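The model shown is predicted, which means the values in this text are computed figures rather than measured ones. Lettering follows sequence order; numbering is per chain, from 1.
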Amino acid sequence: MIRSMDKVVALCKRRGFIFQNSEIYGGQNGFWDYGPLGTELKRNVRDAWYHDMVQAHNELLTPAGAPSPFQMVGLESAIIMHPQVWKCSGHYDLFHDMMVDCHECKGRFRQDHLPSTPCPLKPSRTVGQHTSCRLTEPREFNLMFKTILGALGTEDDAAFLRPETAQGIFVNFRNVVDSTRVRLPFGICQVGKSFRNEITPRNFTFRSREFEQMEIEFFCRPDQSRDWYTYWRDRRYNWYLGLGISLDRLILRDHHADELAHYSVGTADIEYAFPFLDAGQYGELEGIAHRGDFDLRSHMEGKLAKNAAGELEVEKLPDGRPKYRGSGKDLSYFDDQTRERFVPHVIEPSAGADRGTLAFLCEAYHEDQQPDDKGELQERVLMKFHPRLAPVKAAVFPLIKKEGMPEQAMAIYGEMRAAGLSCQFDQQAAIGKRYRRQDEIGTPFCITVDGDTAQDKCVTLRDRDTLQQERIPVARIVDEVTMRLKS
RNA sequence: GCGGCUGUGGUGUAGUGGUAACACAUCAGCUUCCCAAGCUUAGGAUGCGGGUUCGAUUCCCGCCAGCCGCUCCA
């Protein structure tokens, strides 16, 4: 089967899943818009995540593989936060380097590392020392989007659009603990937009400058954090499989020790074999990181860094003051069972909503051959979305446009919509063409009123993948479709 | 940010220094009792801006976007 990225991209445009942002003005690199069907699809991805992680979670039971019962709650923090948040989180330094480029060797270097960076063309000297080096002036390299607060604001009022939703959770940790009766272990979940000035936006929506994250910060006792890390890693991996991602295209990859961020004890990526990658290559959908107590401590004490002994301590200026002061607020947790006070450790499953949506689109794309009305095989394009994710759940047709069939079909269509099912009504063109139209947007079920419906009060229910038809009583059709969507 | 290639209706293609063709899709009507049927209609394109030229979609320059390779991906 051919699963080229070009075909997925063309279908996304043709059927209204994803459009280039500001297309009528020539487009805007790194930004994408979701059309009517893409909006439904992405909403279903988000809803499935929030439902499965938060709404359907029963804190009274111990899920399979979990060390204990736990609670899950939601949060929605603002995109713009106090600039100090990003200084203590480490983003400000990491996202705000002064860089110089060399026109000769085409290299890019951090200005503060120049004295110790060997020239790529003459490694015996450092960058800039060789006569042929042609360096640009140091330039600010802003990986965070900067904005100005206040109508009369100046550079002193600079703030940043968040590069991740996680920090909104950490800075609200105290608020959630104080207001909701949650007790360790528990998770705080958030879905929302984040912004990063990616150097090279590429590969359709995969690397965008505005993107949506679905993040969990799971707080637990330090001595249980490794078990929770394993639990969340496996649970999140299985979440994608349960929504139809195939086992041969999804991998769980544990990071090597040298790949880990400075604060992390362990990190795993859930990666998908996107069609735009070479065989054997995978793109990240979600990262599950063991972050220890780095984040809460940073927001208490100030930005942390590893000392010579490899321990985290507050990063100091030459004069001994903290480089970035923390909030000074106590973000520790008191366990009244064990009478212990400690800073919780954090497991962070951080998923990309747009990347997940793209993976579901790529996974759904299929071409097959099905016989037409003369029995000759014809090409068919179909999107095999999981029923939970399909943007349109069912379509309702009159077999032909007369003899009262449209009226009966309209009545059923009205019932479906009233039941909250996303569906379409179509009486345009031949029945086969209407089936194919629905196949191409991934509608799992088609309901057809025919000449017998008036007598036997039944309609046919046609399955997208098998093309099988079954007669179902009109009175039961909403329940029947609802039931099949859940299976 | 660098280098290479590319840019024609919604999609996929054709073509030309004299303002554009085809297929599919879309719309309207007829027809049609179950898988892209047929007939008749309709709308719709040379990415943007300059330059050369009597005339540019075609040649040149700049920009924008996309693809590939670097770089980047905390």
* Asked: Over how many whole Å does the gap from Glu284(A) atom CD to C72(B) atom P extend?
  -> 17 Å

* Contact residues, residues 452-462 of chain A to RNA chain B [heavy atom, < 4.0 Å] -> Thr460(A), Arg462(A)

* Asked: Considering only the P atoms, how many Å lie between G15(B) and C22(B), rounded to the nearest integer?
  -> 15 Å

* Rounding to the closest angstrom, what is the interatomic distance between U26(B) and U41(B) at atom C1'? -> 13 Å

* Counting just side-chain N and O atoms, does Asn29(A) come under 4.0 Å of either OP1 or OP2 of C64(B)? -> no

* Structure fact -> Nearest-nucleotide check on RNA chain B, Ala430(A) vs Asp6(A); residue mapping nearer the 5' end is Asp6(A)

* To do: Among the candidates C68(B), C70(B), A36(B), find the nucleotide nearest to the side-chain atoms of Thr200(A).
  => C70(B)

* Got a sec: does the CZ of Arg226(A) have more than 12 other heavy atoms crowding it under 6.0 Å? -> no

* Sticking with atom C1', work out how far C68(B) lies from A45(B), rounded to a whole angstrom. => 27 Å

* Asked: Using the P atom in both, what is the distance from A28(B) to A42(B), to the nearest Å?
  -> 15 Å

* Structure fact -> Test salt bridge (Lys or Arg N to Asp or Glu O under 4.0 Å), reference Glu440(A), set Arg15(A), Arg380(A), Lys7(A), output is Arg15(A)

* Asked: Using the P atom in both, what is the distance from C5(B) to G49(B), to the nearest Å?
  -> 24 Å

* Asked: Would a distance-only check, ignoring hydrogens and angles, find a side-chain to backbone donor-acceptor pair under 3.5 Å from Tyr413(A) to Gln408(A)?
  -> no

* Any donor and acceptor pair, going by atom type alone, linking the side chain of Arg162(A) with main-chain N or O of Ser77(A) inside 3.5 Å? -> yes

* Closest to the Leu399(A) side chain, choosing from U32(B), C33(B), C35(B) -> C33(B)

* Asked: Can you find a donor-acceptor N/O pair under 3.5 angstrom joining the side chain of Gln469(A) to the base of C34(B)?
  -> yes

When the side chains of residues 307-318 of chain A are checked against the rest of the protein, which donor-acceptor pairs come out under 3.5 Å, sequence neighbours left out?
residue	atom	partner	partner atom	Å
Asn307(A)	OD1	Ala309(A)	N	2.9
Asn307(A)	OD1	Gly310(A)	N	3.0
Asn307(A)	OD1	Glu311(A)	N	2.8
Asn307(A)	ND2	Glu313(A)	OE1	3.3
Glu315(A)	OE1	Lys303(A)	NZ	2.8

* Asked: Under 3.5 Å, is there a donor-acceptor pair between the side chain of Arg291(A) and the main chain of Glu348(A)?
  -> no

* Report the C-alpha separation of Asp450(A) and Arg471(A) in whole Å, then their side-chain angles, then the decisive distance to 0.1 Å, and conclude whether the salt bridge (charged side-chain N to carboxylate O under 4.0 Å, His left out) test is met. => CA-CA 11 Å; Asp450(A) 60 26; Arg471(A) 280 196 90 72; 2.9 Å; yes

* Would you please confirm or rule out a distance under 4.0 Å between OP1 or OP2 of C34(B) and any side-chain N or O of Lys433(A)? => no

* Side-chain donor or acceptor of Tyr435(A) under 3.5 Å from a matching atom on the base of C34(B)? -> yes

Please tabulate the protein-to-nucleotide N/O contacts below 3.5 Å involving nucleotides 38-43 of chain B, giving atom names and distances.
none

* Asked: With a 4.5 Å limit on heavy-atom distance, are the side chains of Leu250(A) and Leu285(A) in contact?
  -> yes

* How close or far is atom C1' of U32(B) from atom CG of Asp450(A), stated in whole angstroms? -> 14 Å

N/O contacts under 3.5 Å, protein versus nucleotides 27-31 of chain B?
residue	atom	partner	partner atom	Å
A28(B)	OP2	Gln428(A)	NE2	2.7

* To do: Check every atom of U11(B), C35(B), G66(B) against the side chain of Trp32(A) and return the nucleotide holding the closest atom.
  => G66(B)

* **Interatomic distance where CD belongs to Gln378(A) and C1' belongs to C35(B) [whole Å]** => 10 Å

* Ignoring backbone atoms, test whether Asn203(A) places a side-chain nitrogen or oxygen under 4.0 Å from the OP1 or OP2 oxygen of C68(B). => yes

* Are the side chain of Thr443(A) and the backbone of Phe445(A) linked by a donor-acceptor contact shorter than 3.5 Å? -> no

* To do: Assess whether one donor atom and one acceptor atom, taken from the side chain of Glu403(A) and the base of C33(B), lie less than 3.5 Å apart.
  => yes

* To do: Using atom CD1 of Ile24(A) as one end and atom P of G44(B) as the other, report the distance to the nearest whole Å.
  => 18 Å

* Asked: If only atom types and distance count, is the side chain of Ser327(A) paired as donor or acceptor with the main-chain N or O of His299(A) below 3.5 Å?
  -> yes

* Asked: Do we get Arg249(A) above Tyr272(A)'s six-membered ring, with its NZ or CZ under 6.0 Å from the centre and within 45° of the axis?
  -> no

* Asked: Given the rule in the side-chain hydrogen bond (donor to acceptor under 3.5 Å, both in side chains) test, do Glu470(A) and Thr460(A) qualify, once you have shown the distances and angles that lead to the verdict?
  -> CA-CA 5 Å; Glu470(A) 226 179 298; Thr460(A) 57; over 6 Å; no

* Write down the atom of Phe274(A), the atom of Gly283(A), and the distance for their closest heavy-atom approach. => CE1-O, 3.9 Å

Would you tabulate the pairs of protein nitrogen or oxygen atoms and nucleotide nitrogen or oxygen atoms of nucleotides 6-10 of chain B closer than 3.5 angstrom?
residue	atom	partner	partner atom	Å
G10(B)	O3'	Lys13(A)	NZ	3.1

* **Candidates Glu164(A), Glu210(A), Met144(A) - the one meeting side chain to side chain contact (heavy atoms under 4.5 Å, CB included) with Phe195(A)** => Glu210(A)

* To do: Could you label the plane-to-plane angle of the His345(A) and His290(A) rings as parallel, tilted or perpendicular, counting under 30° as parallel and over 60° as perpendicular?
  => perpendicular

* Asked: On RNA chain B, nearest-nucleotide positions of Met405(A) versus Val381(A): which is more 5'?
  -> Met405(A)

* Nucleotide C67(B), atom P - distance to CZ of Arg202(A) in whole Å -> 7 Å

* Asked: If you draw the axis of the six-membered ring of Tyr92(A), does the NZ or CZ of Lys87(A) fall within 45° of it and under 6.0 Å from the ring centre?
  -> yes

* Donor-acceptor pair, side chain of Arg434(A) and main chain of Asp426(A), under 3.5 angstrom -> yes

* Asked: Expressed in whole Å, how much space separates the P atoms belonging to C60(B) and C24(B)?
  -> 35 Å

* To do: Take Tyr240(A) and Glu286(A), measure what side-chain hydrogen bond (donor to acceptor under 3.5 Å, both in side chains) needs, and give me the verdict at the end.
  => CA-CA 10 Å; Tyr240(A) 293 93; Glu286(A) 174 162 351; 2.7 Å; yes

* U57(B) and G47(B), which share atom name C1', separated by this distance in whole Å -> 12 Å

* **Euclidean distance for C1', U8(B) against C2(B) (whole angstrom)** => 30 Å

* **Which nucleotides of RNA chain B pair, in dot-bracket form (Watson-Crick or G-U under 3.5 Å, | meaning another strand)** => (((((((..((((....[..)))).(.(((.......))).)....(((((..]....))))))))))))....

* **Out of G69(B), U11(B), C34(B), whichever nucleotide has its closest atom nearest the side chain of Ala10(A)** => U11(B)

* To do: To the nearest Å, give me how far apart CD (Gln370(A)) and P (A37(B)) are.
  => 15 Å

